[in-house]
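Everything below concerns the one structure shown next.
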Protein chains: 2
Amino acid sequence: MTVTLADVAARAQVSPATVSRVLNGNYPVAASTRERVLKAVDELDYVLNGPASALAAATSDLVGILVNDIADPFFGIMASAIQAEIGGPGGRAGGERLAVVCNTGGSPERELTYLTLLQRQRAAAVVLTGGAIEDAAHQAAMDTKVRKLTDAGTRVVLCGRPPAPETGAIALTFDNRGGGQELTEHLIGLGHRRLGYIAGPEERTTTRHRLEGHRAALAAHGIEEDPRWTVHGRYDRRSGYEATLELLRRDPSLTAVVAANDSVALGACAALRDSGLRIPEDVSVAGFDDLPFSIDAVPSLTTVRLPLGEAGARAGRIAMGREEAPPGGIASVRGELMVRGSSGVPRVS
Amino acid sequence: MTVTLADVAARAQVSPATVSRVLNGNYPVAASTRERVLKAVDELDYVLNGPASALAAATSDLVGILVNDIADPFFGIMASAIQAEIGGPGGRAGGERLAVVCNTGGSPERELTYLTLLQRQRAAAVVLTGGAIEDAAHQAAMDTKVRKLTDAGTRVVLCGRPPAPETGAIALTFDNRGGGQELTEHLIGLGHRRLGYIAGPEERTTTRHRLEGHRAALAAHGIEEDPRWTVHGRYDRRSGYEATLELLRRDPSLTAVVAANDSVALGACAALRDSGLRIPEDVSVAGFDDLPFSIDAVPSLTTVRLPLGEAGARAGRIAMGREEAPPGGIASVRGELMVRGSSGVPRVS
DNA sequence: CCGTATGTAGAAAGCGCTTGCTGCAACGCT
DNA sequence: AGCGTTGCAGCAAGCGCTTTCTACATACGG
């Protein structure tokens, strides 16, 4: 059978208690004893029984990271940063923490399920990333679940997600509204007056915030928005392609298209090109997020850079208690406007 | 304190054993009793203690998925497919399986560490994705570790990774050699005779296999390879950009550049463009993998499509024992040549 | 030289669950 | 009617750790 603590203890001629203490390093053990134990551990190739340890200690080394779509670099970059900060030494029992990412696929049910699963595993912390779903019932369910986790001592931090008051969770929100506004103001500054907007799925907070920023910019410059100028889609390229065609059909005189994110913007570029329009001479395009591929687009994409890596790292540190939580448990992270080749002055009409 | 099985039992007026059996559903329980138990579970909002359960049952609901780089869609797509197949109902204790992805960042040490961590958690299965590192010591260490896992009853499957004989792991390998050969033959068929090759990191099996395929194609057509035509880099765009510049410096007369993967190919396109060369009129470019963004490149990328999603799904099913392992525990998955705009007949020199 | 503080190790009681075995009705068979 | 089945439920023994409490040296101050 597998080697147990007792086997190690026998071999090192000490009690199981001592072995446990050496491994956990939270109790004085004489250097000579420690050495003997470590030697036995090594010789027997002992691997701690995680469940047993977690049961006895009432907490585990597991940390969960929830993402909407693991195939989307937006989440991949964030998850990578979080995991880098969380994983590694520092766990219990002389071990590493096990930072794991869970892919919800954007489904509210799976989101909840994963939370339950992590609760069941007695996870040490949980980081939730990405925009939330604006459904009252689901949000309420999430909030109670989160509350339960924090009550049980699991640290919960939200990264790029709106705060959840009264749940004990710490939030690092992206200022999507501000970024959206700045982006559209840039376009307006170039002279655009007829701007199409490809929004994300209606039920996501991110979608609403970016759109609100866009509208705030229009309003600030006295531009009256034509209802035909906004189309809702998904956060992917395909959707951007189709939405752009629809936009063009509704109003061929648009001089700029603002997309919900970079993937959508790429789709928009393709659609424009396929429609025989040049970027930015005929139509300017703008994205959001500044994912790595955005700079490779031809022309490269004007967008709002979100500090995904930095925010993720910070969220990770907070989850580990290595960095203080922001005052009030809420911090807003700003994006940075990246002006590149896909936006230019509008054609004279 | 938290609700335990005993609390539920008390409330339902049955023994803890019965509650456990209802939850696990692996033992006959009278319908009326079951109902009473379920009601109590619901009323008390009971969440199973995972560690306790895993300890007693000597196995857990955890399934690990190891990836080299979570921010890379190549792995994201595969991980997503695997997770979709593995997660969800079917776990023990009326529960879901917890499919988690672990980001090794391509580091051999972290790869090993994660395996230990998963072993410690008594994971039910582990899926390893991506090419392996060609370092004898590391491979030996990995093999013993894997052997230990399979011996302990953890199913291990390799997805897009070379087989590890004698370890008990099941392998679903990508035919990188065949794909690489087919790709280069396509270029040769168009008339190219001077082909640059941007390889991945030297120590990865994937790199070697793709390069071998490329060389096999050259050899098959009697083209003698100039050593200046091959450059090694990383699997990212940046690397592709720099490598292409280097290639151009070494031999400006190249008419085609074959890249280690699509990201590298994108970088190559950018470098060529920045050097005033047209694609494919002046230089043809080819990638590998066919990630979603490849079709958006301008011109769209000629590449080899790897069935990432299908392979991942299959790996997931095998890991769950829901699909039979291939004969001999090894299967090779072929890629499909996608001829698109980035490859054309060479300019007349 | 004795009482007390100090440093280190062991004994043992769980942590909350699973499961082999036992117990007991109710049932059907001869 | 007697007895082996069958169907459900409970008992209790762990699973392999952690941790409190106890025990024993040794060191130290008065």
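By convention in this document, chain letters (A, B, ...) are assigned in the order of the sequence lines, proteins followed by strands, and residues within each chain are numbered from 1.
The CZ atom of A:R36 sits 14 Å away from the P atom of C:dT8 (whole-angstrom rounding). Put simply, CG on B:N24 is 7 Å from P on C:dT19, counting in whole angstrom units. Between the C1' atom of D:dC17 and the CG atom of A:N49 lies a distance of 7 Å, rounded to the nearest Å. The CZ atom of A:R34 sits 12 Å away from the C1' atom of C:dT8 (whole-angstrom rounding). Separating the CG atom of B:L48 from the C1' atom of C:dC15 is a distance of 14 Å, rounded to the nearest angstrom. When rounded to the nearest whole Å, the span between CG of B:L23 and P of C:dT18 equals 7 Å. One atom, CG of B:L55, and another, P of D:dC15, lie 9 Å apart when rounded to the nearest Å.
For A:R21, taking side-chain heavy atoms from C-beta onward, the closest of the listed nucleotides D:dT19, D:dC8, D:dC17 is D:dT19. Here the nucleotide nearest the side chain of A:V14, chosen from C:dG10, D:dC17, C:dC17, is C:dG10. Each of C:dT19, C:dC17, C:dA9 was ranked by its minimum atom distance to the side chain of A:Y27; first place goes to C:dA9. Nearest to the side chain of A:A56, among C:dG16, D:dC17, C:dT18, sits D:dC17.
Heavy atoms of A:S20 sit under 4.0 angstrom from at least one base atom. Nucleic acid contact class of A:A58 (heavy atoms, under 4.0 Å, all strands): none.
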request  = Let me see the working for B:R314 and B:E323 under salt bridge (Lys or Arg N to Asp or Glu O under 4.0 Å), right down to the final yes or no.
outcome  = CA-CA 8 Å; B:R314 186 157 165 223; B:E323 178 174 323; 2.9 Å; yes
ask   = Going through the distances and angles, do B:T113 and B:T116 end up as a side-chain hydrogen bond (donor to acceptor under 3.5 Å, both in side chains)?
value = CA-CA 5 Å; B:T113 304; B:T116 303; over 6 Å; no
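What you find for A:A9 and A:S15 is that their closest heavy atoms are CB-C, 3.7 Å.
For C:dA9, the OP1/OP2 oxygens have no side-chain nitrogen or oxygen of A:T18 closer than 4.0 Å. Between C:dC17 and B:S53, no contact under 4.0 Å exists linking OP1 or OP2 to a side-chain N or O.
A donor and an acceptor atom never sit less than 3.5 Å apart when one is taken from the side chain of A:R122 and the other from the base of C:dG16. Side-chain atoms of B:R120 and base atoms of D:dG16 include no donor and acceptor less than 3.5 Å apart.
Under the side-chain contact (heavy atoms from CB on, under 4.5 Å) test applied with B:P51, the options A:T59, A:L55, A:L62 reduce to a single match, A:L55.
Mapping A:P16 and B:Y46 onto DNA chain C by nearest heavy atom places A:P16 closer to the 5' end of the strand. Where B:A30 and B:A52 meet DNA chain D, the nucleotide closest to each residue was compared, and B:A30 sits on the side nearer the 5' end.
A salt bridge between B:E43 and B:R11 is present, with a side-chain N of the basic residue lying under 4.0 Å from a carboxylate O of the acidic one.
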